[in-house]
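Here's the structure we're looking at; comments come further down.
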Amino acid sequence: MRRKVIAGNWKMNMLPNEAIEFIQNLEKQVKDTQNEVVLCVPYTDIFYSILNAQGTNIKIGAQNMHWETTGAYTGEISAEMLKSVGVEYVIIGHSERRQYFAETDETVNKKLKKALEVGLNPIVCVGETLEQRENGEATKVITSQTEKAISGLEANQVEKVIIAYEPIWAIGTGKTATKEDANEAVKQIREKIVEIYGQNVAERVIIQYGGSVKSTNAKELFEMSDIDGGLVGGASLKPDEFAKIVNYNK
Ligand code: 13P
């Protein structure tokens with residue numbers, strides 16, 4: 001049985017004092033869950049979040065990283081830097097980074113390799129636009145993004161990758177994919193991994209759904225056969241709401 005990983009993506013929100021308060025509140029509400037709880041916080045919250053999450057079942061992640069270890073890359077943060085302060089997860093290739101910050105399949109692949117090398121748990125995002133879905137290209141887009149992201153990885157590395165299927169039209173719009181459509185897309189991603197690495201490897205890969213996940217739809221989505229939890233944006237900014245999502249199976 002694959003574990004369920006429920007990760008919040010705070011995006012560019014939350015000051016350190018808000019992060020501390022959030023974690024102290026959330027911790028009490030999620031301490032009994034069997035699900036993996038992750039908060040992907042802004043860089044400026046990482047240190048405070050890690051200190052406050054110590055001794056709890058909340059893991060801290062970042063939202064981006066660079067693929068080089070050190071160097072003249074003004075404004076960038078390396079995987080080693082994240083690891084050195086206790087970060088355990090990192091989001092790679094979020095659609096907002098692909099759209100606004102020129103992230104490509106190639107940079108996603110480089111970052112993914114580096115994250116694995118350093119021992120961070122990568123959460124790689126794939127997803128189609130509304131136009132691509134309406135043109136019947138969704139499957140092609142998400143399987144191609146997946147294939148390019150994991151290109152060149154060994155089987156034992158692929159098993160450690162978390163993929164988040166996030167249809168772009170569902171992000172921050174309040175429109176959620178139906179549970180059937182989301183499960184189907186996740187299955188197609190898994191099929192692509194079967195094609196390259198075989199059934200055994202593909203069965204171990206965690207594939208989340210993201211896009212307007214809320215406490216009212218988390219259960220039906222996360223109970224689908226292939227959906228292994230979620231990557232949650234807006235609804236991860238309120239501790240009570242995020243706790244309900246984490247505790248969807250209670
Ligand atoms: P929303 O949950 O706000 O739609 O955002 C989803 C997302 O982009 C998570 O990475």
Side-chain angles (χ1 to χ4, degrees), residues 4-14 18-19 22 26 35-43 45-46 49 58-65 82 87-101 103 108 111-112 115 120-130 132-133 138 141-142 145-146 149 161-179 181-183 185-186 189 206-222 224 227-248:
K4 301 278 182 187
V5 180
I6 304 181
N9 174 10
W10 282 355
K11 308 192 180 182
M12 198 172 73
N13 295 288
M14 305 284 258
E18 295 169 319
F22 184 107
L26 182 71
N35 304 324
E36 206 154 297
V37 190
V38 183
L39 288 175
C40 296
V41 306
Y43 292 133
D45 291 341
I46 286 177
S49 301
I58 302 170
K59 313 259 170 70
I60 302 302
Q63 301 170 11
N64 183 33
M65 53 165 270
L82 295 177
V87 168
E88 293 181 71
Y89 289 77
V90 62
I91 298 174
I92 295 175
H94 191 281
S95 61
E96 287 150 15
R97 295 217 57 89
R98 293 182 193 250
Q99 188 181 350
Y100 306 129
F101 302 100
E103 189 90 78
V108 168
K111 290 179 180 190
L112 181 51
L120 291 170
N121 298 299
I123 303 177
V124 181
C125 302
V126 301
E128 81 284 0
T129 62
L130 185 58
Q132 289 164 334
R133 172 153 284 256
V141 170
I142 59 180
Q145 285 177 338
T146 303
V161 176
I162 298 173
I163 297 174
Y165 167 60
E166 297 207 308
I168 294 168
W169 48 270
I171 295 178
T173 58
K175 279 191 219 147
T176 315
T178 64
K179 58 183 199 275
D181 284 352
N183 200 49
V186 168
I189 293 167
I206 305 278
I207 310 181
Q208 302 172 311
Y209 167 79
S212 299
V213 172
K214 342 179 224 290
S215 59
T216 47
N217 58 26
K219 187 176 168 70
E220 60 174 49
L221 286 160
F222 300 169
M224 296 303 283
I227 301 178
D228 307 318
L231 186 55
V232 185
S236 75
L237 295 171
K238 300 178 211 107
D240 294 353
E241 173 69 3
F242 188 59
K244 280 189 202 153
I245 297 172
V246 169
N247 294 324
Y248 78 93

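Ligands are counted one by one from 1 in listed order, and the atoms in each one are counted from 1 as well. Only heavy atoms go into these numbers, but all of them, side chains included; no hydrogens, no water, no symmetry mates. One-based numbering along the sequence shown.
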Of H94, K111, R98, the one forming a side chain to side chain donor-acceptor pair (under 3.5 Å) with E103 is K111
Ligand 1 to L231, heavy atom cutoff 4.0 Å, flagged ligand atoms 9 (C), 10 (O)
The closest protein heavy-atom partner of atom 3 (O) of ligand 1 is G234 N, 2.8 Å
Residue, atom and distance of the protein heavy atom nearest atom 2 (O) of ligand 1 read G233 N, 2.9 Å
The atoms of ligand 1 lying under 4.0 Å from a heavy atom of A170, numbered in the order shown, are 4 (O)
Heavy-atom nearest pair, S212 first then G174, reads OG-N, 2.8 Å
Honestly, for I171 the part within reach of ligand 1 (heavy atoms, under 4.0 Å) is both
Side chains of E220 and Y248: is there a donor and an acceptor less than 3.5 Å apart? no
Here the atoms of ligand 1 under 4.0 Å from any heavy atom belonging to G172 are 1 (P), 3 (O), 4 (O)
The atoms of ligand 1 lying under 4.0 Å from a heavy atom of S212, numbered in the order shown, are 1 (P), 2 (O), 4 (O)
Residues M14 and D45: closest non-hydrogen pair is O-OD2, 2.7 Å
In ligand 1, the atoms that come under 4.0 Å of a heavy atom of E166 are 6 (C), 7 (C), 8 (O), 9 (C), 10 (O)
Given the options Y43, F22, F242, W10 meets ring pair (Phe, Tyr, Trp, His ring centres under 6.0 Å) only with F22
